[in-house]
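By convention here, the first residue in the shown sequence is residue 1.
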Amino acid sequence: MMLIPTHHFRDIERKPEYLQPEKCVPPPYPGPVGTMWFIRDGCGIACAIVTWFLVLYAEFVVLFVMLIPSRDYVYSIINGIVFNLLAFLALASHCRAMLTDPGAVPKGNATKEFIESLQLKPGQVVYKCPKCCSIKPDRAHHCSVCKRCIRKMDHHCPWVNNCVGENNQKYFVLFTMYIALISLHALIMVGFHFLHCFEEDWTNLLQAYGLNRKGPAEARISLREKLQSLKVSSTECSSFSPPTTVILLILLCFEGLLFLIFTSVMFGTQVHSICTDETGIERLKRKNQPRQRAGSWQSVKETFGGDFSLNWFNPFSRPCQPEIPSDKDLVRQVASLSDTDYAETTEEQSEETRDEDSVEVTDE
């Protein structure tokens, strides 16, 4: 992952007028409930299309090169069902991760009227994002690609063309898990296919072609007999020619190996973040500010949707819906400090956090 900071000022003041609310204009028409979430980013859309193309390519090679030509029907049926099920779950998880609102903060709510309604008291602070003009709850960060502040933003992933945040982290974890599983499954099937075809069918077929070049007319007659006997055996390996089959399988090997390594690392990173209740941005910043963390098991249940069940692995089930943050959640209490200490603290915080909250985290 790569952290890209963008320099800006973050306002941390207890007086509403310091937030410059007159520069914030709320959206004229709020979006209808249930509107599909989709990020119009050229790079992200291209990466999402490439992801689907690679999965469909693996589907083509597995079915039409390895399974359908095989005469072992039990082997073909079992592996076909397993591979297609994993591929379907992977693409379904990808769609849910891409089209689910990751936890966007309401845009343009840092208006003068709204800030005055919070009735801030001495010792209370509010955080404003100057880019999307919103009052930010705790652990929210601005994404320069989505152009929104996202609650519990972990990073922005171009492969799903979306941020990974509070509402769609489950789908991203499932996507990485299922892609890793189908990559491993494809590599195992390619290994068995190479062993079977090279050792038995293709080696004999190439030897038969070699006899054709050197043998006399009598050898050509025996060659026809050998080719006829090998015709049925060679179709067990592939309905394509041996060179074409080798190229398709080698490309699938490279694809499966790269995706297996990449998604396995991402899956482990996401599981670690969930268990430690620490997002990728928070881990990179290494904040010294104390924060009450949820337990590992509690954090896992909140992410995947309740107690352990098969729904954890179902991309069509929703994670635990977080409570809608109230106005009080937007106001943060500072430890009891005198006015002088408070003024010094806010100055230090404003200097330390200028580059802190408008960052873009992308997958390498």
Side-chain angles (χ1 to χ4, degrees), residues 47-94 159-160 172-211 226-271 313 315 363-364:
C47 289
I49 294 174
V50 169
T51 301
W52 274 69
F53 171 78
L54 293 175
V55 173
L56 295 178
Y57 170 79
E59 182 81 15
F60 168 78
V61 176
V62 168
L63 289 181
F64 295 98
V65 177
M66 292 189 288
L67 296 184
I68 292 180
S70 176
R71 307 191 92 193
D72 189 345
Y73 299 114
V74 176
Y75 172 85
S76 297
I77 292 174
I78 293 177
N79 283 279
I81 292 175
V82 172
F83 187 86
N84 281 279
L85 178 62
L86 292 176
F88 170 75
L89 292 173
L91 294 180
S93 301
H94 182 272
W159 296 106
V160 297
F172 182 76
V173 172
L174 293 181
F175 167 68
T176 57
M177 182 184 72
Y178 288 129
I179 290 294
L181 289 177
I182 64 173
S183 300
L184 179 61
H185 189 200
L187 288 173
I188 293 174
M189 285 192 292
V190 169
F192 279 114
H193 198 77
F194 269 123
L195 290 175
H196 172 71
C197 292
F198 273 116
E199 290 185 0
E200 295 184 8
D201 299 319
W202 292 355
T203 301
N204 296 332
L205 187 61
L206 293 175
Q207 289 177 354
Y209 275 112
L211 291 174
K226 289 182 180 181
L227 289 177
Q228 289 177 356
S229 63
L230 288 171
K231 184 176 181 181
V232 176
S233 179
S234 62
T235 56
E236 295 183 16
C237 292
S238 175
S239 56
F240 299 92
S241 63
T244 303
T245 301
V246 171
I247 293 175
L248 293 174
L249 292 178
I250 290 177
L251 291 177
L252 180 61
C253 280
F254 277 112
E255 175 192 343
L257 186 61
L258 290 176
F259 268 81
L260 176 61
I261 296 174
F262 177 75
T263 55
S264 297
V265 171
M266 289 302 303
F267 175 78
T269 302
Q270 289 298 303
V271 171
F313 309 99
D363 292 332
E364 288 184 343

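Rounding to the nearest 0.5 Å places OG of Ser76 at 8.5 Å from CD1 of Ile68. One distance of note links OG of Ser241 with CD1 of Ile247; it measures 8.0 Å at 0.5 Å rounding. Atom CG of Leu54 and atom CG of Leu252 lie 10.5 Å apart (nearest 0.5 Å). Expressed to the nearest 0.5 Å, how far CG of Leu184 lies from CE of Met189 amounts to 10.0 Å. One distance of note links OG1 of Thr245 with CZ of Phe194; it measures 9.0 Å at 0.5 Å rounding. Rounding to the nearest 0.5 Å places CG of Leu56 at 6.5 Å from CG of Leu91.
Of all heavy-atom pairs between Gln270 and Val173, the closest is CB-CG2, 3.7 Å. Summarising the geometry of Ser70 relative to Tyr73, their closest heavy-atom pair is O-CE2, 4.3 Å, with the distance given to 0.1 Å. Counting all heavy atoms, side chain and backbone alike, Ile182 lies closest to Ala87 at CG2-N, 3.7 Å. Summarising the geometry of Leu89 relative to Pro315, their closest heavy-atom pair is CD2-CD, 3.8 Å, with the distance given to 0.1 Å. The two residues Ser183 and Ile179 come nearest to each other via the heavy atoms OG-O, 2.7 Å.
Tyr75 places a side-chain heavy atom less than 4.5 Å from the side chain of Leu67. Taking 4.5 Å as the limit, some side-chain heavy atom of Val271 sits within range of a side-chain heavy atom of Phe267. Between Leu181 and Thr263, every side-chain heavy-atom pair lies at or beyond the 4.5 Å cut-off.
Panel note: side chain Tyr178, backbone Leu85; no donor-acceptor pair is recorded below 3.5 Å. Between the side chain of His94 and the backbone N or O of Trp159 there is at least one donor-acceptor pair closer than 3.5 Å.
Ring geometry for His185 versus Phe83: interplanar angle of 30 to 60°, hence tilted.
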task: Take Phe192 and Met66 through the side chain to side chain contact (heavy atoms under 4.5 Å, CB included) test and state the conclusion after the steps.
output: CA-CA 10 Å; Phe192 279 114; Met66 292 189 288; over 6 Å; no
